[in-house]
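A note on names: the letters A, B, ... follow the listed sequences, proteins ahead of strands, and every chain is numbered from 1.
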Protein chains: 2
Amino acid sequence: MPSDHTRSAILAAAERLYADRGFGDVTLRDIVAEANVNLAAVNYHFGSKDELIAELFVTRSIATNRERLRELKAAEEQGGGRAPIEVILRALVGPTLRGCLGPENQRSSAARFMIRASIESVPPIRRIKNREIDHLRKFAGAMRRSLPDRSDVDIYWGLNFALAMAHHTIRESERLTKLSEGKCDLDDVEGVVARVVSVATMALTAGKTETKAPSRLAAR
Amino acid sequence: MPSDHTRSAILAAAERLYADRGFGDVTLRDIVAEANVNLAAVNYHFGSKDELIAELFVTRSIATNRERLRELKAAEEQGGGRAPIEVILRALVGPTLRGCLGPENQRSSAARFMIRASIESVPPIRRIKNREIDHLRKFAGAMRRSLPDRSDVDIYWGLNFALAMAHHTIRESERLTKLSEGKCDLDDVEGVVARVVSVATMALTAGKTETKAPSRLAAR
DNA sequence: GATAGTTTCATACAACTGTTTGAAATGCAA
DNA sequence: TTGCATTTCAAACAGTTGTATGAAACTATC
């Protein structure tokens with residue numbers, strides 16, 4: 001069993017630096033200095049800089065995706081294969097928002113790294129994101145089962161808008177805070193989740209007769 | 001009057017190349033080759049590479065912002081200082097969506113450039129985007145006048161979500177097309193605008209008694 | 001048509017990048 | 001200890017990048 005000390009030191013240092021300063025101006029030399037290892041160690045352990053970035057991103061990505069599917073599966077099993085749309089949407093956007101938002105000073109470097117990844121979007125990360133379609137398809141399927149009267153087009157648009165609101169809020173959280181002069185409380189993660197879920201639910205259920213009791217739409 | 005031939009040739013070539021291949025792998029040498037001008041011409045006419053990118057982006061940006069404000073002003077004047085929220089939202093997201101979406105083969109390189117700018121987000125562009133807050137404040141003001149019963153927080157969240165849906169749809173239009181197997185027609189720009197406006201309107205009006213006749217919420 | 005100002009050009013510069021190399025160090029099994 | 005494989009290290013490599021320079025070409029004014 002190799003100690004892996006060097007390897008994990010590189011990962012930790014890279015994540016921290018990328019989180020703080022972005023991908024644009026962090027070089028391998030910065031990383032190895034922060035990790036106190038030799039420059040060649042990166043290529044020895046990871047093959048290339050891009051593969052290092054990719055490993056950071058996939059590790060964190062599959063954690064989020066696993067959490068999403070866990071929540072989705074639990075909801076569908078409880079409902080006999082059919083979950084309420086709010087719960088599905090919450091499973092979709094909740095893990096991501098919880099992972100990236102919250103009080104700034106207690107955000108893990110992993111969270112800050114993911115925010116960077118969603119803002120800057122470098123090639124190795126883009127490549128990985130493109131493979132996420134299968135994952136989203138599972139949610140589209142669950143949404144279709146939950147809203148059998150809705151057309152596929154409406155489902156996809158609803159999914160698109162739900163992700164839009166979640167990701168944009170993460171990406172532009174600073175700007176929203178500045179624009180609202182601090183009135184929008186982005187530290188209240190569950191409040192944000194509720195807002196996103198509420199609007200996405202409206203987008204998906206408006207204009208058709210509701211099959212269940214009117215769900216609480218207003219957030220907060 | 002200097003002919004400006006070189007200057008505009010550089011701008012056109014840069015816009016085309018950035019639109020096609022992204023900021024990441026287009027060098028000044030690529031640009032001057034495409035423009036058939038000398039390498040030093042870029043620094044002579046623009047000062048630096050970043051200033052060239054900035055000029056491309058601001059030119060296009062102020063055009064969009066001007067169009068937005070034109071629509072907003074027209075609507076508010078017609079309504080005596082108070083415009084319907086749908087019209088305000090349409091003025092906010094319409095120009096951007098119209099500028100970036102539509103049949104792929106007839107997208108101008110300016111439009112494709114702006115899509116790139118929203119996906120890749122390089123430093124000079126980020127700097128400019130940060131100055132856009134004043135512009136958004138004008139829309140927040142109009143929205144507040146349109147919905148005086150709404151809290152500021154709700155207004156800002158509605159604004160945030162409207163921009164979220166528009167920008168995300170532009171950024172991820174390819175993925176949405178792939179995910180929906182072409183069922184979501186992104187070439188129908190006005191249809192997309194209607195959807196975004198409709199959902200954003202719901203987000204802003206739900207949960208309170210509506211002051212006017214129930215607006216048509218469902219898109220298409 | 002000489003002059004002053006602007007624009008173009010070829011070329012060099014300086015710095016930084018990720019990656020490779022081959023030798024030294026280390027860990028571990030026999 | 002000996003031998004073998006893994007890991008670390010300093011150093012160099014090869015390529016690319018944006019930028020600067022100074023001379024040449026051009027343009028317009030007098």
Side-chain angles (χ1 to χ4, degrees), chain A residues 1-58 113 116-117 120-128, chain B residues 1-58 113 116-117 120-128:
Chain A
M1 154 192 170
S3 84
D4 264 355
H5 170 271
T6 304
R7 207 183 132 83
S8 44
I10 292 173
L11 285 169
E15 186 173 69
R16 206 168 337 127
L17 288 179
Y18 284 140
D20 287 343
R21 314 196 333 228
F23 298 99
D25 50 85
V26 171
T27 70
L28 286 188
R29 284 168 175 83
D30 294 332
I31 294 171
V32 298
E34 177 87 359
N36 276 313
V37 302
N38 187 270
L39 174 59
V42 173
N43 288 278
Y44 178 78
H45 284 281
F46 299 93
S48 71
K49 184 195 191 184
D50 277 10
E51 288 174 87
L52 166 61
I53 295 178
E55 173 147 344
L56 281 171
F57 186 73
V58 299
F113 172 85
R116 283 285 180 192
E120 292 193 21
S121 173
V122 287
I125 289 181
R126 261 199 301 276
R127 275 192 287 274
I128 294 164
Chain B
M1 152 194 171
S3 84
D4 264 357
H5 171 269
T6 303
R7 205 179 133 79
S8 45
I10 292 174
L11 283 170
E15 184 173 71
R16 206 167 338 127
L17 287 179
Y18 285 139
D20 287 344
R21 313 195 333 228
F23 299 98
D25 51 85
V26 171
T27 71
L28 285 188
R29 285 167 176 82
D30 294 332
I31 294 171
V32 299
E34 177 86 359
N36 276 313
V37 303
N38 188 271
L39 174 59
V42 173
N43 287 279
Y44 178 78
H45 284 281
F46 298 92
S48 70
K49 184 194 189 183
D50 278 9
E51 288 175 86
L52 166 60
I53 295 179
E55 172 147 347
L56 281 170
F57 186 72
V58 298
F113 172 86
R116 282 285 179 193
E120 291 193 19
S121 173
V122 287
I125 290 182
R126 261 199 302 274
R127 275 192 288 271
I128 295 163

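- Under the rule for a ring pair (Phe, Tyr, Trp, His ring centres under 6.0 Å), B:Phe57 has no partner lying at least two apart in sequence or in another chain.
- Note: OH (B:Tyr44) to P (C:dT11) measures 21 Å, nearest angstrom.
- When atom types are taken as modelled, the side chain of A:Arg116 and the backbone of A:Glu120 share no donor-acceptor pair closer than 3.5 angstrom.
- Going from atom CD of B:Glu51 over to atom C1' of D:dT19 covers 12 Å, rounded to whole Å.
- For DNA chain C, the residues of residues 22-32 of chain B within the heavy-atom distance limit of 4.0 Å (strictly under) are B:Arg29, sorted by number.
- For B:Thr6, no side-chain nitrogen or oxygen approaches OP1 or OP2 of C:dT7 to under 4.0 Å.
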Let me check something: any side-chain donor-acceptor pairs from residues 40-50 of chain B under 3.5 Å, sequence neighbours excluded? List them with distances.
{"residue": "B:Ser48", "atom": "OG", "partner": "B:Glu51", "partner atom": "N", "Å": "3.3"}
{"residue": "B:Ser48", "atom": "OG", "partner": "B:Glu51", "partner atom": "OE2", "Å": "3.2"}

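- For the pair A:Asp20 (side chain) and A:Leu17 (backbone), a donor-acceptor distance under 3.5 Å is absent.
- Counting to the nearest Å, the P atom of C:dT6 and the NE2 atom of B:His45 are 13 Å from each other.
- Regarding A:Asp4, its CG atom lies at a distance of 11 Å from the C1' atom of D:dT7, rounded to whole Å.
- Using a distance-only test at 3.5 Å, with no hydrogens or angles considered, a donor-acceptor pair links the side chain of A:Arg126 to the main chain of A:Ser121.
- Across residues 35-43 of chain A, A:Leu39, A:Ala40, A:Asn43 each have a non-hydrogen atom less than 4.0 Å from an atom of DNA chain C (numbered order).
- Sequence neighbours left out, the pairs with a member in residues 9-19 of chain A that pass salt bridge (Lys or Arg N to Asp or Glu O under 4.0 Å) are A:Arg16-A:Glu34.
- Summarising the geometry of B:Phe113 relative to B:Ile53, their closest heavy-atom pair is CZ-O, 4.4 Å, with the distance given to 0.1 Å.
- A straight line from CZ of A:Arg7 to P of D:dT7 spans 10 Å, rounded to a whole angstrom.
- Residues forming a salt bridge (Lys or Arg N to Asp or Glu O under 4.0 Å) with B:Arg29 (at least two apart in sequence, or on another chain): none.
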